[in-house]
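Worksheet: one structure, shown below.
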There are 2 protein chains.
Amino acid sequence: MGQPERPDAEMSDNKKKTQFLTEVELEFMTRLWELGQATVRDVQDALAPARKLAYTSAATILRILEQKGFVTSTKQGKTFIYQAALSKDTYQSRSLKNLSEKLFDNAPATLVARLVDDYDLTEETLGEIRALIDKRLRDDKR
Amino acid sequence: MGQPERPDAEMSDNKKKTQFLTEVELEFMTRLWELGQATVRDVQDALAPARKLAYTSAATILRILEQKGFVTSTKQGKTFIYQAALSKDTYQSRSLKNLSEKLFDNAPATLVARLVDDYDLTEETLGEIRALIDKRLRDDKR
DNA sequence: CCCTTTCTACGAAGACGTTCGTATTTCTCC
DNA sequence: GGAGAAATACGAACGTCTTCGTAGAAAGGG
């Protein structure tokens, strides 16, 4: 009784959590990560000229981002102040993990290989990367 | 000559080239990359159980992929044989470049840093990556 | 106090994505 | 050669994304 029939048998997640940002949302999060805190106006002003949006569009995007849990807001007077609820580092990790799973058979070494092959990395950059690996190898040893 | 000026701004491309695959499209391309050549039926059968689609849905996705230029087809009798028009390597490169630009300020070293920090990479994997860097450093020297 | 400015809330419109059903074509083989 | 199986073509239905306009609330200064 009570519960309506769910013949389907498939999951039960009430809210489908949106793990990833859409194109425009990413642009907005990037601005927020840079600004730290910002009003709709602040973010709108910070958009690259090529991607300017109407003020109300910017407000809509921020409202959606809050609905999805990517940002939080506090009210100051009549104005909302927005802040990222998710660090850029965290989102970078999530995205990389996803890319690795979906496109690199979960083999990070393959991913790095492609990166190193494709980019004209400077000797300096290569050195940096190597240092990271070495550090990690040393740390793991302990 | 002939080439019309395209100062910058935005393009008037009649066809908006879709650079990237959607979720379902990527799943299909992954199957095609594995199979090499395949009919609608082949691809449908190869889908993970959790992602099974009706036969006509599979056919639709492949038709769309062809419209977008990601696959080509040849007719064999009444049946289409599909094949990826884009190598997995190429698509990996494109995706990595995009991620690097959009989320890592175009700094591949940062990307690798995050990867190395987040994953519990085995010593072996780390060694592989290191070898790749070293090889590249050596090659660049010449 | 009321006019202007600035904000939020919400809905509309159009593009795209996903899934499938129906209609049509094509092949096969008794 | 006709019936049935298997393929393709297409469009409907529904959801999400992106963009914006309109409407109404909140300040605040003359």
Side-chain angles (χ1 to χ4, degrees), chain A residues 7-11 13-31 37-45 47-83 102, chain B residues 10-31 37-45 47-83 102:
Chain A
D8 191 9
E10 180 96 307
M11 75 10 331
D13 256 34
N14 279 347
K15 296 280 176 188
K16 176 105 180 190
K17 275 266 172 71
T18 312
Q19 189 89 138
F20 295 100
L21 299 164
T22 66
E23 195 62 20
V24 174
E25 287 167 357
L26 176 57
E27 167 79 15
F28 272 61
M29 288 302 287
T30 300
R31 296 310 142 228
Q37 301 205 159
T39 62
V40 171
R41 184 72 61 193
D42 294 334
V43 177
Q44 193 207 10
D45 288 348
L47 295 174
R51 305 194 186 165
K52 279 279 184 276
L53 284 185
Y55 179 88
T56 58
S57 306
T60 299
I61 300 297
L62 285 169
R63 202 160 353 99
I64 290 171
L65 280 170
E66 182 162 32
Q67 272 169 31
K68 294 187 178 177
F70 289 112
V71 311
T72 59
S73 71
T74 57
K75 201 153 195 173
Q76 180 135 341
K78 68 167 172 173
T79 307
F80 282 120
I81 311 280
Y82 291 95
Q83 186 162 24
K102 296 276 176 57
Chain B
E10 45 182 325
M11 46 231 44
S12 55
D13 254 41
N14 280 348
K15 298 282 177 186
K16 175 106 181 190
K17 275 271 174 68
T18 314
Q19 187 90 142
F20 295 99
L21 299 164
T22 66
E23 194 63 20
V24 174
E25 286 168 358
L26 176 56
E27 167 79 14
F28 273 61
M29 288 302 285
T30 299
R31 297 309 142 227
Q37 301 205 159
T39 63
V40 172
R41 184 71 62 190
D42 295 334
V43 176
Q44 194 208 9
D45 288 347
L47 295 174
R51 306 194 187 167
K52 279 280 184 274
L53 285 184
Y55 179 88
T56 56
S57 305
T60 299
I61 299 297
L62 285 168
R63 201 159 355 97
I64 290 171
L65 280 170
E66 182 162 31
Q67 273 170 29
K68 293 186 178 178
F70 290 112
V71 311
T72 59
S73 71
T74 57
K75 202 153 196 173
Q76 180 133 341
K78 68 167 169 174
T79 306
F80 281 120
I81 312 279
Y82 291 95
Q83 186 162 26
K102 295 275 176 57

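Remember, predicted model here, so these are calculated numbers, not experimental data. We name chains A, B, ... by the order of the sequence lines, and we start the count at 1 in each one.
- Take the nearest nucleotide of DNA chain D for B:A59 and for A:A58: the residue whose nucleotide is more 5' is B:A59.
- Within the 4.5 Å cutoff, no side-chain heavy atoms of B:R31 are placed close to those of B:Q44.
- Inter-residue side-chain proximity for A:L65 and A:F28 is flagged as met; some heavy-atom pair is nearer than 4.5 Å.
- Distance, A:K75 NZ to C:dC7 P: 12 Å, rounded to whole Å.
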For residues 51-63 of chain A, dump all side-chain donor-acceptor pairs below 3.5 Å to protein atoms at least two apart in sequence or in another chain.
| unit_1 | atom_1 | unit_2 | atom_2 | d |
| --- | --- | --- | --- | --- |
| A:R51 | NH1 | A:E27 | OE1 | 2.3 |
| A:K52 | NZ | A:D45 | O | 3.4 |
| A:K52 | NZ | A:L47 | O | 2.6 |
| A:T60 | OG1 | A:T56 | O | 2.9 |

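- Backbone-only contact: A:E23 has heavy atoms under 4.0 Å from sugar-phosphate atoms and none from a base.
- Counting any heavy atom pair closer than 4.0 Å across all strands shown, B:A54 reaches sugar-phosphate atoms only and no base atom.
- Taking every heavy atom of residues 62-73 of chain B and every atom of DNA chain D, pairs under 4.0 Å involve B:R63, by number.
- Residues A:S73 and A:E66 bring a donor and an acceptor atom of their side chains to less than 3.5 Å of each other.
- Residues B:F80 and B:T39 form no side-chain contact, since every pair of their non-hydrogen atoms from C-beta on lies 4.5 Å or further apart.
- Base contact: B:S57 has a heavy atom under 4.0 Å from a base atom.
- Across all strands shown, A:T22 has heavy atoms under 4.0 Å from sugar-phosphate atoms exclusively, and none from any base.
- If you check every strand for non-hydrogen atoms under 4.0 Å, B:T60 touches a base.
- Using a 4.0 Å heavy-atom distance criterion, A:Y55 is classed as a base contact.
- If you take CZ of B:F20 and C1' of C:dG17, they are 17 Å apart, rounded to a whole angstrom.
- Separating the CD atom of B:Q44 from the P atom of D:dT8 is a distance of 11 Å, rounded to the nearest angstrom.
- Within a 6.0 Å radius of CD in A:E23, no more than 12 heavy atoms belonging to other residues, nucleotides or ligands are found.
- Rounded to whole Å, atom C1' of D:dT18 lies 15 Å from atom CG of A:L26.
- Between the P atom of C:dT26 and the NZ atom of B:K78 lies a distance of 11 Å, rounded to the nearest Å.
- For B:D42 and D:dT8, the CG to C1' distance is 16 Å, given to the nearest whole Å.
- Checking D:dT19, D:dA9, C:dT8 against every side-chain atom of A:V40, the shortest atom distance belongs to C:dT8.
- Nucleotide C:dA9 holds its C1' atom 10 Å from the CZ atom of A:F80, rounded to whole Å.
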Inset, instruction - Report the C-alpha separation of A:Q37 and A:Y82 in whole Å, then their side-chain angles, then the decisive distance to 0.1 Å, and conclude whether the side chain to side chain contact (heavy atoms under 4.5 Å, CB included) test is met. - result: CA-CA 6 Å; A:Q37 301 205 159; A:Y82 291 95; over 6 Å; no
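- Open room surrounds CD on B:Q76; 12 or fewer heavy atoms of other groups in view lie less than 6.0 Å from it.
- A:T79 comes within 4.0 angstrom of sugar-phosphate atoms only, judged by non-hydrogen atoms across all strands, and of no base.
- Between B:R51 atom CZ and C:dT18 atom C1' there is a gap of 14 Å when expressed in whole angstrom units.
- Taking only side-chain atoms of B:R41, from C-beta outward, the nucleotide of D:dT18, C:dC20, D:dA7 with the closest atom is D:dA7.
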